[in-house]
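Chain A is the first sequence line, chain B the second, and so forth, proteins listed ahead of strands; every chain is numbered from 1. Only this structure's heavy atoms are used, side chains among them; waters, hydrogens and symmetry mates stay out. A quick note: this is a predicted structure, and the numbers were derived from the prediction, not measured.
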Amino acid sequence: MVELTQFFQDYLQKKPLFKSKVVLQSNYTPEYIPHREEQIQTMAGILAPVLRMEKPSNLFVYGKVGTGKTVVTKYVMSQIENVAKERRLPIKIIYLNCKLKRVADTEYRMLAHLAKEFGIDIPPTGLPTDEVYKTFLKYINTKKQLLIIILDEIDQLVKKSGDELLYNLTRINSELNNVELSIIGISNDLLFMENIDPRVKSSLSEEELVFPPYNAVQIQDILRERSRFAFDSEIIREGVIEKCAAYAAREHGDARRALELLRVAGEMAERKNKYSIELEDIDDAEEKIERDKVLDLVHTQPKQFQLTLLSILDISQNVTEGPIFTGDIYEIYKSYCKSVALKPLTQRRVSDIIAELDMCGIINARVISKGRYGRTREIRLGIPESTVHSIRGALKEGLSL
DNA sequence: CGAGATTCATGTGAAGTATACCTTTAGGCTTAA
DNA sequence: AAGCCTAAAGGTATACTTCACATGAATCTCGTA
């Protein structure tokens with residue numbers, strides 16, 4: 001006990017490594033966003049009419065992960081909100097991430113979530129979807145106002161629930177007389193609009209904005225800018241920023257990843273009682289991020305998903321080489337179900353689950369034909385070999401195996 | 001030898017089922033006039 | 001008679017199952033050169 005007290009004492013005595021950790025977190029909206037002046041300007045231009053209480057065009061934002069779509073959008077929105085508040089303009093902006101499982105991944109849930117923003121409670125199930133529409137519309141139509149709805153990662157939603165809901169959304173305006181509603185769709189998938197009903201397409205993307213990936217130098221700028229607020233200057237060793245940027249640029253210029261790398265590297269260093277961030281901390285950070293990402297994702301998934309993943313991990317450890325096939329997974333999965341006393345799902349369902357795991361990026365699955373020997377998914381792990389073991393361990397523990 | 005038929009192991013779509021939850025409604029009970 | 005509560009009826013969303021059919025290249029079959 002005494003030792004622990006001492007430990008905490010020491011901890012507090014120690015000069016903290018971080019000056020401010022928030023600025024490195026992914027939900028932080030910085031004041032200054034390097035290399036996105038153009039996009040900010042354009043977006044501001046498109047949305048400026050709201051301040052005159054005119055409905056701005058619907059906007060569609062494209063760009064790969066970590067190119068600043070969300071940050072820029074949120075930034076512009078907060079600016080608009082500020083002005084609106086100052087002038088007491090009845091403008092309401094709602095941000096909604098459609099990817100979050102069990103939050104907004106169906107039309108119904110998206111609406112329910114939207115409604116919740118207005119303080120309307122919609123039950124998790126039971127109501128007809130168009131009834132929810134009516135309730136929602138009726139409520140927002142009671143007051144004259146301008147509404148901007150931001151649908152982040154909208155491609156995920158449409159992939160799951162079809163593009164009908166987009167059509168419904170675009171039609172909302174004609175049902176309302178007090179309210180003008182604009183939609184900002186954000187998509188990681190550059191080809192997203194290709195397979196969409198042309199009617200919807202034209203009305204939903206009246207304006208489009210493309211975010212190109214950052215290059216390594218730009219990411220360095222971003223990192224420097226943020227670390228200025230996050231750390232004292234002497235903490236970051238030579239080459240650290242460069243290395244973070246290089247790691248992140250390796251894929252396609254994912255700034256979010258770069259920032260996360262830097263933050264976690266800081267945390268690693270802090271835990272090692274160091275007062276500086278060195279190159280090796282970045283490598284540790286990379287591994288930890290990968291592991292945490294999967295773990296976090298996995299823990300929030302239903303047991304069945306966990307079991308399926310565990311089965312995949314199992315095989316990949318035993319069968320070091322070569323791809324994994326659905327049938328093998330299903331066999332192992334079933335045996336695990338037995339030992340956890342859980343009713344196994346059908347192979348049909350497990351097949352879908354595997355497809356979903358693929359969507360999450362934990363695994364890479366693709367359908368191949370093995371000719372005479374049938375047809376199956378060829379599955380490879382999408383996570384580094386080094387983390388497999390610890391993930392597997394954590395999974396087993398979580399399932400009390 | 002090569003074109004077409006077969007075959008395997010599973011993908012995939014549609015339709016059905018179970019469950020959990022919703023609103024509506026009708027009946028019964030209580031209460032107050 | 002009005003008001004309130006309850007339980008049944010009728011409806012929906014979601015996760016899952018069942019059924020049936022689709023796939024597509026390795027392999028087989030068999031007619032032909």
Side-chain angles (χ1 to χ4, degrees), chain A residues 96-116 118-139 151 156-169 195 197 297-312 314-316 319 322-338 340-360 362-382 399:
Chain A
L96 189 59
N97 189 334
C98 305
K99 195 184 173 179
L100 299 175
K101 252 206 146 190
R102 279 152 236 286
V103 173
D105 59 346
T106 67
E107 181 170 19
Y108 183 93
R109 298 213 258 244
M110 176 197 76
L111 272 175
H113 202 86
L114 237 43
K116 205 166 207 166
F118 288 89
I120 316 169
D121 254 339
I122 303 283
T125 169
L127 293 188
T129 305
D130 56 334
E131 193 63 37
V132 182
Y133 260 110
K134 275 186 207 146
T135 320
F136 178 63
L137 294 185
K138 203 170 127 204
Y139 183 83
L151 298 173
Q156 302 281 331
L157 180 64
V158 172
K159 228 174 253 167
K160 267 195 129 170
S161 328
D163 56 2
E164 213 172 305
L165 78 133
L166 291 183
Y167 180 67
N168 293 336
L169 274 180
N195 319 315
D197 188 331
L297 215 139
V298 158
H299 279 305
T300 54
Q301 301 273 347
K303 279 224 163 36
Q304 302 287 7
F305 279 65
Q306 300 183 16
L307 281 170
T308 310
L309 183 58
L310 179 59
S311 310
I312 296 173
D314 254 29
I315 299 180
S316 82
V319 188
I324 309 163
F325 304 115
T326 308
D328 308 338
I329 295 173
Y330 190 63
E331 287 309 311
I332 307 248
Y333 161 81
K334 268 198 302 196
S335 72
Y336 269 125
C337 277
K338 207 172 207 172
V340 197
L342 207 66
K343 194 177 152 231
L345 299 176
T346 45
Q347 183 157 347
R348 176 74 186 78
R349 179 60 186 150
V350 172
S351 176
D352 280 350
I353 289 177
I354 292 174
E356 282 192 56
L357 287 174
D358 178 42
M359 286 256 294
C360 298
I362 300 183
I363 60 175
N364 295 313
R366 102 195 138 93
V367 182
I368 55 150
S369 175
K370 290 190 292 161
R372 179 72 168 65
Y373 306 103
R375 195 172 124 88
T376 183
R377 274 203 179 79
E378 190 185 72
I379 294 154
R380 294 168 193 288
L381 286 179
L399 294 160

Contacts of type side chain to side chain contact (heavy atoms under 4.5 Å, CB included), residue A/K159, not counting sequence neighbours: A/D189, A/M359
Would you mind listing every salt bridge (charged side-chain N to carboxylate O under 4.0 Å, His left out) that reaches into residues 121-134 of chain A, with sequence neighbours excluded? none
Interface with DNA chain B, restricted to residues 373-380 of chain A and to heavy atoms under 4.0 Å: A/Y373, A/G374, A/R375, A/T376, A/R377
Residues which pass salt bridge (charged side-chain N to carboxylate O under 4.0 Å, His left out) with A/R109, listed by chain and number, not counting sequence neighbours: A/D105
Holding to side chain to side chain contact (heavy atoms under 4.5 Å, CB included), I want the full list of residues that pass it with A/K370, two or more places apart in sequence or in another chain. A/F325, A/I368, A/Y373, A/T376
Measure the distance from CD on A/Q301 to P on C/dA15 and round it to the nearest whole Å. 12 Å
What pairs with A/C360 under side chain to side chain contact (heavy atoms under 4.5 Å, CB included), at least two apart in sequence or on another chain? A/L297, A/Q301, A/I362
Under the side chain to side chain contact (heavy atoms under 4.5 Å, CB included) test, which residues partner A/P124, sequence neighbours left out? none
When the distance from CZ of A/R109 to C1' of C/dA13 is rounded to whole Å, what number comes out? 8 Å
Is the shortest side-chain N/O distance from A/T346 to OP1 or OP2 of C/dT17 below 4.0 Å? yes
5'-most to 3'-most nt of DNA chain B touching chain A (<4.0 Å, heavy-atom partner on protein side) reads B/dT7 to B/dT23
Nucleotide C/dT23, atom C1' - distance to CZ of A/R366 in whole Å: 16 Å
Over how many whole Å does the gap from A/I368 atom CD1 to C/dA26 atom P extend? 10 Å
Between C/dC16 atom P and A/D352 atom CG, what is the distance in whole Å? 10 Å
Can you check the A/L345 CG to C/dA15 C1' distance for me, whole Å? 9 Å
Strictly by side chain to side chain donor-acceptor pair (under 3.5 Å), give each pair with a member in residues 345-358 of chain A just once, sequence neighbours left out. A/K101-A/E356, A/R348-A/D352, A/S351-A/R377
Without decimals, in angstroms, what is the distance between A/L127 CG and C/dT14 C1'? 14 Å
Please check the phosphate of C/dC16 (OP1 and OP2 only) for any side-chain N or O of A/R349 closer than 4.0 Å. yes
Just to be sure I understand the geometry, which residues of residues 128-138 of chain A put a non-hydrogen atom under 4.0 Å away from DNA chain C? A/P128, A/T129
Does a sphere of radius 6.0 Å around NZ in A/K338 hold more than 12 heavy atoms from other residues, nucleotides or ligands, not counting ones at 6.0 Å or beyond? no
Sorted by chain and number, sequence neighbours left out, ring-ring contact (aromatic ring centres under 6.0 Å, His included) with A/Y108 holds for none
A/D197: partners by side chain to side chain donor-acceptor pair (under 3.5 Å), with sequence neighbours left out: A/R199
Can you tell me how far P of C/dA13 sits from CD of A/E107, to the nearest Å? 9 Å
Considering only heavy atoms from C-beta outward, does the side chain of A/L127 approach that of A/T135 to under 4.5 Å? no
